[in-house]
Amino acid sequence: MPHADASLVPGNIKTKKDFWEHVYMQLKFLLDGQRNWVTNLANASSQIYNSLQAFPSHFGKDGTRVVNWCGFYVLDDLFPAPRGVAATPSTDNHKRLLLGPFCGKPACQFISVHPRPRGVCADAFNKRQTLLVPEVDLYPGHIACDGETKSEIVVPLLVLRPDGIEEAVGVLDLDCLAVGGFDNDDEIGLNRIAKLVVSSCDW
């Protein structure tokens with residue numbers, strides 16, 4: 001099967017539960033045999049975004065409930081330093097997330113998560129829990145990368161350390177043009193997908 005066909009959504013899929021199961025299985029195929037996190041996050045963001053565009057019963061291209069952004073923010077010290085430039089990794093005194101692979105309009109280049117966290121992505125990262133925001137304009141400290149966005153869901157990327165502690169290395173972020181664009185079915189599906197992405201990568 002051509003890789004691009006992985007984002008096709010069969011017509012017999014009608015519910016969000018079935019939709020996210022389909023996306024999970026297609027993404028599992030795409031990530032198989034690849035451990036580089038940049039490559040895998042690029043395919044994951046494209047797979048999720050384009051599958052959502054092809055699912056008009058809940059999202060689609062009707063102009064009112066479109067998911068207008070899907071992508072990742074990743075801890076800056078996971079990015080390779082430019083050649084000839086010394087790396088400046090995050091420290092306990094200052095941590096930030098850098099924009100990773102995504103689909104959608106241009107976005108914020110970085111998000112501070114410590115010592116001055118701001119926005120949904122920073123809160124999901126620091127709390128290590130998924131945040132579903134029905135109306136972003138009411139969220140304290142919301143960062144408006146796109147003024148058209150009305151709702152958002154952010155899922156932390158959690159890596160299990162040898163000592164058994166889950167460490168956040170980034171977030172998966174989705175924006176929607178509609179108020180209340182995401183629900184519990186989306187949260188369950190995206191949590192599962194985030195775990196698949198994390199387990200498929202070398203961090």
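Hydrogens, waters and symmetry mates play no part in the numbers below; they use all other heavy atoms, side chains included. Note that the coordinates shown come from a computational prediction; the quantities given were computed from them, not determined experimentally.
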Over all atoms of both residues, closest heavy-atom pair of Cys201 and Leu41: SG-CD1, 4.1 Å
Give a yes or no answer on whether the side chain of Gln34 reaches the backbone of Asn36 with a donor-acceptor pair at less than 3.5 Å. yes
With the 4.5 Å side-chain cut-off for hydrophobic clustering, are Val66 and Val179 part of the same group? no
Can a salt bridge be assigned to the pair Arg35 and Asp202 using a cut-off of 4.0 Å between side-chain N and carboxylate O? yes
Would you indicate whether the side-chain heavy atoms of Arg65 and Leu177 approach each other to under 4.5 Å? no
If I compare all heavy atoms of Ala54 with all of Pro56, which pair ends up nearest, and what's the gap? O-CD, 3.2 Å
Which residues share a salt bridge (Lys or Arg N to Asp or Glu O under 4.0 Å) with Asp32, sequence neighbours left out: none
Tell me every residue that passes side chain to side chain donor-acceptor pair (under 3.5 Å) with Asp163, counting only those two or more places apart in sequence or in another chain. Arg161
Atom pair OG (Ser112) and NZ (Lys95), whose distance is rounded to the nearest 0.5 Å: 11.5 Å
Given salt bridge (charged side-chain N to carboxylate O under 4.0 Å, His left out), test Arg96 with Asp76 step by step and report yes or no. CA-CA 6 Å; Arg96 65 178 186 170; Asp76 61 355; 3.5 Å; yes
Modelled atom types, side-chain donor and acceptor of Asn191 and Thr130, under 3.5 Å: yes
Would you give the length of the straight line joining atom CD of Gln47 to atom CG of Leu31, rounded to the nearest 0.5 angstrom? 9.0 Å
Any chain of hydrophobic side-chain contacts (each under 4.5 Å) joining Val136 to Val171? yes
Restricting to salt bridge (Lys or Arg N to Asp or Glu O under 4.0 Å), what partner residues turn up for Arg118, sequence neighbours left out? none
So do Val197 and Leu27 actually touch side chain to side chain, heavy atoms under 4.5 Å? yes
Determine whether Leu98 and Gln109 satisfy the following criterion, side-chain contact (heavy atoms from CB on, under 4.5 Å), listing intermediate values before the conclusion. CA-CA 6 Å; Leu98 293 183; Gln109 295 173 319; over 6 Å; no
Just to verify, what does Ala42 make a side chain to side chain contact (heavy atoms under 4.5 Å, CB included) with, not counting sequence neighbours? Pro101
For the backbone of Asn40 and the side chain of Asn43, can you confirm whether one donor and one acceptor N or O come within less than 3.5 Å of each other? no
Output the distance between atom SG (Cys121) and atom CG (Leu131), rounded to the nearest 0.5 Å. 9.0 Å
Just jot down the salt bridge (Lys or Arg N to Asp or Glu O under 4.0 Å) partners of Lys105, sequence neighbours excluded, or say none. Glu148
Are Cys145 and Cys108 close enough that their SG atoms are less than 2.5 Å apart? yes
Hydrophobic clustering (ILVMFWY, side-chain heavy atoms < 4.5 Å, transitive) - are Leu30 and Tyr49 grouped together? no
Please say yes or no: joined through hydrophobic side-chain contacts below 4.5 Å, possibly via intermediate residues, are Ile188 and Val198 part of one cluster? no
Side-chain (Gln129) to main-chain (Asp123) donor-acceptor, under 3.5 angstrom: no
Any pair with a residue in residues 166-175 that passes side chain to side chain donor-acceptor pair (under 3.5 Å), sequence neighbours left out, goes on the list, sorted by first then second residue, please. none
If you define the side chain from C-beta out and look only at heavy atoms, does anything of Phe125 sit under 4.5 Å from Leu97? yes
Dump the intermediate steps for side-chain contact (heavy atoms from CB on, under 4.5 Å) on Leu78 and Val169, then the final yes or no. CA-CA 8 Å; Leu78 291 173; Val169 295; 3.9 Å; yes
For residues 150-160, tabulate all N or O donor-acceptor pairs below 3.5 Å that involve a side-chain atom, not counting sequence neighbours.
{"unit_1": "Ser151", "atom_1": "OG", "unit_2": "Ala178", "atom_2": "O", "d": "2.5"}
{"unit_1": "Ser151", "atom_1": "OG", "unit_2": "Gly181", "atom_2": "N", "d": "3.1"}

Only residue of Trp37, Phe110, Tyr73, Trp203 satisfying ring-ring contact (aromatic ring centres under 6.0 Å, His included) with Phe79 is Trp37
State which residues pass side chain to side chain donor-acceptor pair (under 3.5 Å) with Asn50; sequence neighbours excluded, sorted by chain then number. Ser46
Holding to side chain to side chain donor-acceptor pair (under 3.5 Å), I want the full list of residues that pass it with Asn126, two or more places apart in sequence or in another chain. none
Are any non-hydrogen side-chain atoms of Leu172 and Ile48 less than 4.5 angstrom apart? yes
Looking only at heavy atoms, what is the nearest atom pair of Ala168 and Leu75, with distance? O-CD1, 3.7 Å
Suppose we screen for side chain to side chain contact (heavy atoms under 4.5 Å, CB included). Which residues come up paired with Arg192, at least two apart in sequence or across chains? Glu21, Tyr24
Only counting residues at least two apart or in another chain, list the ones meeting ring-ring contact (aromatic ring centres under 6.0 Å, His included) with Phe72. none
Step by step, work out the side-chain contact (heavy atoms from CB on, under 4.5 Å) result for Trp69 and Thr149. CA-CA 9 Å; Trp69 201 91; Thr149 293; 5.7 Å; no
Exercise: identify the closest heavy-atom pair between Ile111 and Ala122: CG2-CB, 4.1 Å
Ring centres under 6.0 angstrom apart (Phe55, Trp20): no
Identify, with sequence neighbours excluded, every residue that meets side chain to side chain contact (heavy atoms under 4.5 Å, CB included) alongside Pro10. Asn12, Ile13, His22
